[in-house]
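Quantities reported herein were computed from a predicted structural model and do not represent experimental measurements.
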Amino acid sequence: MNYKKLLEAATHAAVLAGKEIMSQYHNGFDVITKPDNSPVTTADLAAHDIILKELESTQIAVLSEEGEKFSHEFRQNTPYWCVDPIDGTRDFVNKTDEFCISIGLVVDNTSKVGVLYAPAMDLYYFAAEGMGSFKYEKDRISLEKLIDSDDFFQLLQENSQKLPQHPLPEFPTALNSRFHRDEKTEDYLNQLKTQNPNWQFIVMGSAIKLGIIAEGKATEYTRFMGVNFWDIAGGHAIAKYAGLAVMQIDKEKEINYSDQNMRVAGYCLQW
């Protein structure tokens with residue numbers, strides 16, 4: 001597969017979706033409660049439609065949180081895009097700015113291409129096998145200005161830096177979730193602090209945390225609560241191709257996408 005060409009399509013899709021998301025973020029959106037009591041907004045649905053349209057040219061099936069789901073047999077034998085149009089919808093609704101678009105390409109039960117875009121935070125990460133992981137260096141407005149250029153992907157690369165980008169923080173720094181914390185997480189963070197009082201803890205929403213750690217701005221994120229495939233596939237590739245292993249919670253194996261229920265039972269990444 002031509003992962004570079006597929007990454008180009010995914011990066012373009014994310015920018016277009018981000019533009020629509022930010023329009024609704026500033027101008028208003030409606031919130032719907034799904035059967036599982038989680039929120040979905042008109043911005044989620046609009047971004048879903050944009051990403052599906054943009055990825056049509058790749059002729060690869062798209063599994064989206066807000067769209068079609070495929071059988072286990074299909075997923076075991078066929079590459080597919082794994083998309084969360086807005087990861088961190090609660091952050092979007094609560095106006096924390098900490099939400100992101102997540103696009104991953106799953107091949108043979110691992111992520112080969114990834115995009116994470118947090119438009120309200122001016123954070124844009126992208127990665128592919130054979131290329132590495134990158135961060136766009138300018139802001140959202142500059143990124144949106146590239147979108148109509150015939151040389152979009154080339155200009156994107158020229159204005160990006162390869163990851164990891166920063167030396168690690170002076171003190172060990174763990175990111176932890178704003179809305180998805182449990183007793184195991186609290187116990188683990190307390191244990192870290194007991195072992196080393198210099199540990200710093202930063203609360204943040206959405207999968208953009210994986211890009212921030214891949215960049216080198218934090219040293220660890222451990223999540224004990226399970227996630228859906230679309231919550232992790234984009235960030236998985238970015239972390240992996242920056243040189244980080246995204247491990248199962250027991251830290252014995254890297255995560256994979258073989259579960260019949262499309263779930264990853266927690267994960268950990270650390271420098």
For Pro169 and Lys217 the tightest heavy-atom approach is CG-O, 3.3 Å
Exercise. Are the side chain of Ser160 and the backbone N or O of Leu156 linked by a donor-acceptor pair below 3.5 Å?
Worked result: yes
query: Taking it one step at a time, do Ile32 and Thr41 satisfy side chain to side chain contact (heavy atoms under 4.5 Å, CB included)?
result: CA-CA 6 Å; Ile32 304 160; Thr41 71; over 6 Å; no
Closest non-hydrogen atoms of Glu254 and Lys240, given as atom of the first, atom of the second and distance, are OE2-CD, 3.3 Å
Are His12 and Phe152 near enough that their ring centres are under 6.0 Å apart? yes
The reported gap from CG in Asp97 to OG in Ser206 (rounded to nearest 0.5 angstrom) is 10.5 Å
Exercise. Under 4.0 Å between a Lys/Arg side-chain N and an Asp/Glu carboxylate O for Lys209 and Glu220?
Worked result: no
Within 6.0 Å of NZ in Lys95, more than 12 heavy atoms from elsewhere
yes
When rounded to the nearest 0.5 Å, the distance separating NZ of Lys138 from CG of Asn159 is 4.0 Å
Indicate whether the side chain of Asp151 and that of Ser149 have a donor and an acceptor atom separated by less than 3.5 Å. no
Inset, instruction - Would you sort out whether Glu68 and Leu63 count as a side chain to side chain contact (heavy atoms under 4.5 Å, CB included), showing the intermediate values? - result: CA-CA 6 Å; Glu68 185 179 1; Leu63 176 100; over 6 Å; no
* Charged N to carboxylate O below 4.0 Å: is that the case for Arg90 and Glu98? -> no
Side-chain heavy atoms of Phe153 within contact of Leu7, under 4.5 Å: yes
Between Gln157 and Glu8, does any side-chain donor sit less than 3.5 Å from a side-chain acceptor?
no
Point to revise | Pair Thr42, Gln24: side-chain N/O donor-acceptor within cut-off below 3.5 Å | key: yes
Check: Would you say Val83 and Trp230 make side-chain contact, with heavy atoms under 4.5 Å?
Finding: no
Inset, instruction - Check the pair Lys34, Glu65 against side chain to side chain contact (heavy atoms under 4.5 Å, CB included), reporting the backbone distance first and the verdict last. - result: CA-CA 12 Å; Lys34 294 195 283 189; Glu65 178 177 13; 3.2 Å; yes
### Query
Any side-chain heavy-atom pair from Lys251 and Gln270 closer than 4.5 angstrom?
yes
Tightest non-hydrogen contact, residues Ser133 and Ala237, listed as OG-O, 3.8 Å
Exercise for the section: Find out if a path of hydrophobic residues (ILVMFWY) with successive side-chain heavy-atom gaps under 4.5 Å connects Val106 to Val227. Expected result: yes
**Heavy atoms from other residues, nucleotides or ligands near CD of Gln195 exceed 12 (cutoff 6.0 Å)** = yes
Distance-only donor-acceptor hits, side chain of residues 261-269, under 3.5 Å, sequence neighbours excluded:
unit_1 : atom_1 : unit_2 : atom_2 : d
Arg263 : NH1    : Asn228 : OD1    : 3.2
Arg263 : NH2    : Gly226 : O      : 3.3

task: State, without any angle test, whether Gln248 and Glu252 hold a side-chain donor-acceptor pair at a distance under 3.5 Å.
output: no
Next on the checklist: Between His236 (side chain only) and Phe229 (backbone N and O only), is there a donor and an acceptor less than 3.5 Å apart?
Outcome noted: no
dist Thr78:OG1 -> Ile60:CD1 (nearest 0.5 Å) comes out at 10.5 Å
Next on the checklist: Taking atom CD as the centre, does Glu73 end up with more than 12 heavy-atom neighbours from other residues, nucleotides or ligands that are less than 6.0 angstrom away?
Outcome noted: no
Check: Between Ser38 and Asp36, does any side-chain donor sit less than 3.5 Å from a side-chain acceptor?
Finding: yes
Heavy-atom nearest pair, Tyr257 first then Ser111, reads CE1-N, 3.9 Å
Exercise. Has Lys184 got more than 12 heavy atoms of other residues, nucleotides or ligands less than 6.0 Å from its NZ?
Worked result: no
Here the gap from Ile213 atom CD1 to Leu175 atom CG, rounded to the nearest 0.5 Å, amounts to 4.5 Å
request  = Carefully, step by step, assess Ile141 and Glu144 under the rule side chain to side chain contact (heavy atoms under 4.5 Å, CB included).
outcome  = CA-CA 5 Å; Ile141 302 302; Glu144 289 177 357; 4.2 Å; yes
Task: Under 3.5 Å side-chain donor-acceptor pair for Thr89 and Asp44 - done: yes
Quick check, are the ring centers of Phe74 and Tyr80 under 6.0 angstrom apart?
no
Task: Linked, directly or transitively: Val107 and Ile255 (ILVMFWY side chains, under 4.5 Å) - done: no
Item to complete: Using the rule that two of Ile, Leu, Val, Met, Phe, Trp, Tyr join whenever any of their side-chain heavy atoms come within less than 4.5 Å, decide whether Ile101 and Leu143 are in one cluster.
Response: yes
When every non-hydrogen atom of Met1 is compared with those of Leu6, the smallest separation belongs to CE-CD1, 3.7 Å
Heavy atoms of other groups near Lys69 NZ, more than 12 under 6.0 Å: yes
* Asked: Is the closest side-chain heavy-atom distance between Phe224 and Tyr188 below 4.5 Å?
  -> yes
Mind listing the side-chain donor-acceptor pairs of residues 116-128 below 3.5 Å, one per line with the distance, residues two or more places apart or on another chain?
unit_1 : atom_1 : unit_2 : atom_2 : d
Asp122 : OD1    : Arg140 : N      : 2.9
Tyr124 : OH     : Thr11  : O      : 2.8
Tyr125 : OH     : Glu215 : OE1    : 2.6

How about Leu16 and Ile147: do any of their side-chain heavy atoms sit closer than 4.5 Å? yes
Mind checking whether Trp81 and Leu52 have side chains closer than 4.5 Å, heavy atoms only?
-> no
- Message: Does atom CG (Asp150) have a neighbourhood of more than 12 heavy atoms from anything else shown, all under 6.0 Å?
- Response: no
Side chain to side chain, Phe92 and Ile21, heavy atoms closer than 4.5 Å:
yes
Met204 and Ile208 have their tightest heavy-atom pair at SD-CG2, 4.1 Å
- Query: Would you say the side chain of Trp271 lies within less than 4.5 Å of the side chain of Leu244, judging by non-hydrogen atoms?
  - Reply: yes
May I ask you to decide if Glu186's main-chain N or O and Asn190's side chain share a donor-acceptor pair within less than 3.5 Å?
yes
_Asn198 atom CG: more than 12 heavy-atom contacts under 6.0 Å_ = yes
d(Lys4 NZ, Glu129 CD) to nearest 0.5 Å is 15.0 Å
Rounded to the nearest 0.5 angstrom, the CG-OG1 distance for Asn94 and Thr96 is 7.0 Å
So if you build clusters from Ile, Leu, Val, Met, Phe, Trp, Tyr with side-chain heavy-atom gaps below 4.5 Å, do Ile103 and Met22 land together?
-> yes
(message) Distance alone, cut at 3.5 Å: any donor-acceptor contact between the side chains of Asp84 and Ser102?
(response) no
Phe29, Ile50: one ILVMFWY side-chain cluster at the under-4.5 Å cut-off? yes
Q. Side chains of Thr173 and Trp199: donor-acceptor distance under 3.5 Å anywhere?
A. no
